[in-house]
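Please read the structure below before turning to the comments.
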Amino acid sequence: MHRNKLVLLVGSLVALLAVACGGSGASTASRASTASSAPAGAGVAQSLPAQAAPASGSSAAKSAPETVAPAAPNPEGPRVQRSARVALQVPNGRFDATLNDVITVVEQAGGYISGQDAQALEDGQPLRSGQVTFQVPAARFEAVVSDIRRKGTAQTITISGNDVSQQYVDLQARLRNAEAQRDAMLALMQRATTVADTIQVQNQLGQVTAQIEQLHGQIDYLDHSTAFATVAVTIREVALTGSPHDDWGLQTAVTQAAHNVVGVVAFLVVVLSVLIPLLILGAVLFVVGRVAWRRFRWEMSRAPASERAVE
């Protein structure tokens, strides 16, 4: 009887093991069929649970690497270096006021002065001209140019732009490659076993690091030159020839007549300044000559008659 019980127990254990093996095989087959029938785009999403499940017992599932979808790069807009030149004419004496108005416009837009130069137009004339260079945010470029041109009489306005988008993308790619080379050099330095290998890797690492710093500088320059626009303003004083409200020309005629009178008076002053010394000298000579002649006549009148006869 004990032998029969032992046989039944062993048989039941074998049956349980068979059922368990069949169930695991069916589940494995169902997962394989599901993976083969799934679309190609869902492969990454379905492989992650299968790799994370510890009940599969498959060594291939444990050694399979995880696949991560690359992040989509952020799209960048065009990068343009913008600049403008504005030449303004202002009345005589309005140079300082116009310059202050232009500076106020730029400061309100968030810009700053990057250069300034002022000088006289010609020797001996009070008229002045000067050029001021500003850096203004690119987003306020058109508004600043429009406000500046109203601060005087705009003679010339020149606006230009330089698209550096391709150059910027190229610098970014070169920077990524240089940083990858630097990381590889650092990994090689950690595995170097001799002093010669270490020195060689350090030399190459220094060159790559210098290239990375140079690329960073060029990229920073493009970032600044595209984020800020250059505006050069030239202010020139001009002499007023007449009032803009003198439609009939009367005020201009009176002013011209006054200038003519002043010119005549100035000419007379110059002539008199030359004649007066001559007149004074002539008067002195006349008085001296007259006194000498009278003295001579008086002496002749007192001389004896014989001397006058001889004479």
Worked check of side chain to side chain contact (heavy atoms under 4.5 Å, CB included) between Thr230 and Gln81: CA-CA 8 Å; Thr230 303; Gln81 297 173 336; over 6 Å; no

Beyond-backbone contact of Tyr112 with Val106, side-chain heavy atoms, under 4.5 angstrom: no

Approximate separation, where rounding is to 0.5 Å, of Arg94 CZ and Ile235 CD1: 10.0 Å

Pairwise distance CG(Leu186) to CD(Gln181) - rounded to 0.5 angstrom: 12.0 Å

Side-chain donor-acceptor contact under 3.5 Å, Ser114 with Thr133: no

Atom of Asp163, atom of Arg79 and distance for their closest heavy-atom approach: OD1-O, 3.0 Å

Check against side chain to side chain contact (heavy atoms under 4.5 Å, CB included), Arg85 and Thr156: CA-CA 8 Å; Arg85 290 183 173 272; Thr156 58; over 6 Å; no

Co-membership, hydrophobic cluster, residues Val169 and Val164, 4.5 Å side-chain: no

Working for side chain to side chain contact (heavy atoms under 4.5 Å, CB included), residues Val231 and Ile148: CA-CA 10 Å; Val231 180; Ile148 288 176; 4.1 Å; yes

Hphob cluster co-occupancy, Val80 + Val145, side-chain heavy atoms under 4.5 angstrom: no

Test item: Gln155 side-chain N/O and Ala87 main-chain N/O as donor-acceptor pair under 3.5 Å: no

More than 12 heavy atoms of other groups within 6.0 Å of Tyr221 OH: no

Exam field: side chain Gln89 to backbone Gly152, donor-acceptor pair closer than 3.5 Å: no

Approximate separation, where rounding is to 0.5 Å, of Thr198 OG1 and Leu205 CG: 11.5 Å

Donor-acceptor under 3.5 Å (Ser273 side chain, Val270 main chain): yes

pair Val132-Val102: side-chain heavy atoms closer than 4.5 Å: no

Nearest heavy atoms of Gln218 and Leu171, plus distance in Å: OE1-CD2, 3.0 Å

Smallest separation among heavy atoms of Val144 and Ala109, with atom names: CG2-CB, 3.5 Å

Spacing of CG belonging to Asp147 relative to CZ belonging to Arg140, to within rounding of 0.5 Å: 7.5 Å

ILVMFWY cluster, Ile157 and Phe134 together (side-chain gap under 4.5 Å): yes

Close side-chain approach of Ile159 to Phe141, heavy-atom, < 4.5 Å: yes

Val90 versus Lys151, closest heavy-atom pair with distance: CG1-O, 4.3 Å

Point-to-point distance, once rounded to the nearest 0.5 Å, from CG of Leu175 to CD of Gln211: 9.0 Å

Heavy-atom pair of closest approach, residues Gly110 and Phe228: O-CE2, 4.2 Å

Heavy atoms of other groups near Arg182 CZ, more than 12 under 6.0 Å: yes

Heavy-atom closest contact (Ala232 atom, Gln131 atom, distance): CB-NE2, 3.8 Å

Donor-acceptor contact present, side-chain Asn100 to main-chain Asp96, <3.5 Å: yes

Lys/Arg-Asp/Glu bridge criterion (N-O < 4.0 Å) met for Arg191, Asp197: no

Same apolar cluster: Ile280 and Leu272, side chain cutoff 4.5 Å: yes

Test log, rule side chain to side chain contact (heavy atoms under 4.5 Å, CB included), inputs Arg82 and Glu142: CA-CA 10 Å; Arg82 309 185 68 181; Glu142 293 84 358; 2.7 Å; yes

ILVMFWY network linking Tyr168 to Ile212, side-chain heavy atoms under 4.5 angstrom: yes

Check: Glu237 side chain, Arg128 main-chain N or O, donor-acceptor pair, under 3.5 Å: yes

Value rounded to 0.5 Å, distance of CG in Leu99 from OG1 in Thr104: 9.0 Å

